[in-house]
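Residues: numbered from 1 along the sequence shown. Side-chain atoms are counted along with the backbone in the values below, which use heavy atoms only and exclude waters and symmetry mates. We count ligands from 1, going down the list as the structure has it; atoms in each ligand are counted the same way.
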Amino acid sequence: MGRKKIVAGNWKMNTTLNEALDLASGIKNNTNNTDVIIFPPFPFLKTIIDSFKTINGFYVGAQNCNANSKGAFTGEVSAHMLSSIGCDYIMVGHSERRQYFKETNEELLAKINQALEHNLKVIFCFGEQLQERKNNQHFNTVETQLNEVLIHLPKDKLSNLILAYEPVWAIGTGETASPEQAQEMHAFIRSVIATLFSNTIANDMCILYGGSCNAQNARELFAGKDVDGGLIGGASLKIEDFTTIIHSFT
Ligand code: PGA
């Protein structure tokens, strides 16, 4: 894929169908040369894909998939299903999935493999808890989260992976990592990727920041040389704010 500027919107469990269509339409009409990925809820994916996915640089992703390929898993959605409706991306490892649904690194790895097998791209999320940062353990935590999952992925598929560093203490809290904290961690992540794979793979990897990124602070956060864009929660539900964020690269 190569290094690009990317802004992704994680809508979580929000919007009705009509709200989702209005939001997608408003976002699509305001894109520039930044890649935009929206993650609507499952029931609206196919309608949004059919209605809006006609321009370059505008992508649609699912917020989750099951770790198995198919079968008796009532209520679950497979990567194969998502690829069959024209999805581009699957988000894996969001802290809410780790926390509320107890997803382990092993399960996350299986989900990523499912997505990659079906030619979907992946945004892989990770980040430290508040206590870990307070104890100065944040680098260790992130390194472990990366090591336990990425090392097992096929090297030739790594170009289908985007990383999203999301400190858990910043998600939905209004408290953002400072631009310096974000840049410092992104540079560290790139060094971990270089050690695991190679400098070339590390330099080509897109690394997004997520956690209370909004229309006011996006420009400063995205100015970090290792920050390739953002994964936006709350502010991705407002057309104006999300548009401002898409235009926040200098
Ligand atoms: P937030 O969420 O922007 O509302 O903090 C980010 C995320 O959960 O990806």
Atom indices of ligand 1 within 4.0 angstrom of His94 heavy atoms, with elements: 7 (C), 8 (O), 9 (O)
message: Regarding Asn140 and Glu143, do their side chains bring together a donor and an acceptor under 3.5 Å, going by distance alone?
response: no
- prompt: Based purely on interatomic distance, does Thr173 place a nitrogen or oxygen under 3.5 Å from a nitrogen or oxygen of ligand 1?
  reply: no
message: Tell me the protein heavy atom at minimum distance from atom 4 (O) of ligand 1, and give that distance in Å.
response: Gly234 N, 2.8 Å
query: Taking only heavy atoms of Gly172, which atoms of ligand 1 are found under 4.0 Å from at least one of them?
result: 1 (P), 4 (O), 5 (O)
Asn113 versus Lys157, side-chain donor and acceptor atoms under 3.5 Å: no
field: Gln114-Asn68 side chain donor-acceptor pair, cut-off 3.5 Å
entry: no
field: Pairing of Lys4 and Asp228 as salt bridge, 4.0 angstrom limit
entry: no
- prompt: What part of Asn10, side chain from CB on, backbone N/CA/C/O, both or neither, has a heavy atom under 4.0 Å from ligand 1?
  reply: side chain
message: Under a 4.0 angstrom heavy-atom cut-off, which atoms of ligand 1 come close to Ala170?
response: 5 (O)
- prompt: When you measure from atom 9 (O) of ligand 1 to every protein heavy atom, which one gives the shortest distance, and what is it?
  reply: Glu166 OE2, 2.6 Å
query: Got a salt bridge between Glu103 and Lys111, using NZ or NE/NH1/NH2 to carboxylate O under 4.0 Å?
result: yes
contact_flag Gly210 ligand 1 heavy-atom lt 4.0 Å: no
- request: Starting from the C-alpha separation in whole Å, work towards a yes-or-no answer on side-chain hydrogen bond (donor to acceptor under 3.5 Å, both in side chains) for Arg190 and Asn199.
  value: CA-CA 9 Å; Arg190 218 174 280 289; Asn199 279 328; over 6 Å; no
Residues Glu128, Arg133: salt bridge by 4.0 Å N-O rule: yes
field: Heavy-atom nearest neighbour in the protein, as seen from atom 3 (O) of ligand 1, with distance rounded to 0.1 Å
entry: Gly233 N, 2.8 Å
- request: Consider ligand 1: state whether an atom of it lies below 4.0 angstrom from any non-hydrogen atom of Ser212.
  value: yes
field: Contacting atoms of ligand 1, where contact means under 4.0 angstrom from a heavy atom of Gly211
entry: 5 (O)
message: I'd like to know if the side chain of Asn66 pairs up with that of Ser78 as donor and acceptor (distance under 3.5 Å, no hydrogens or angles considered).
response: no
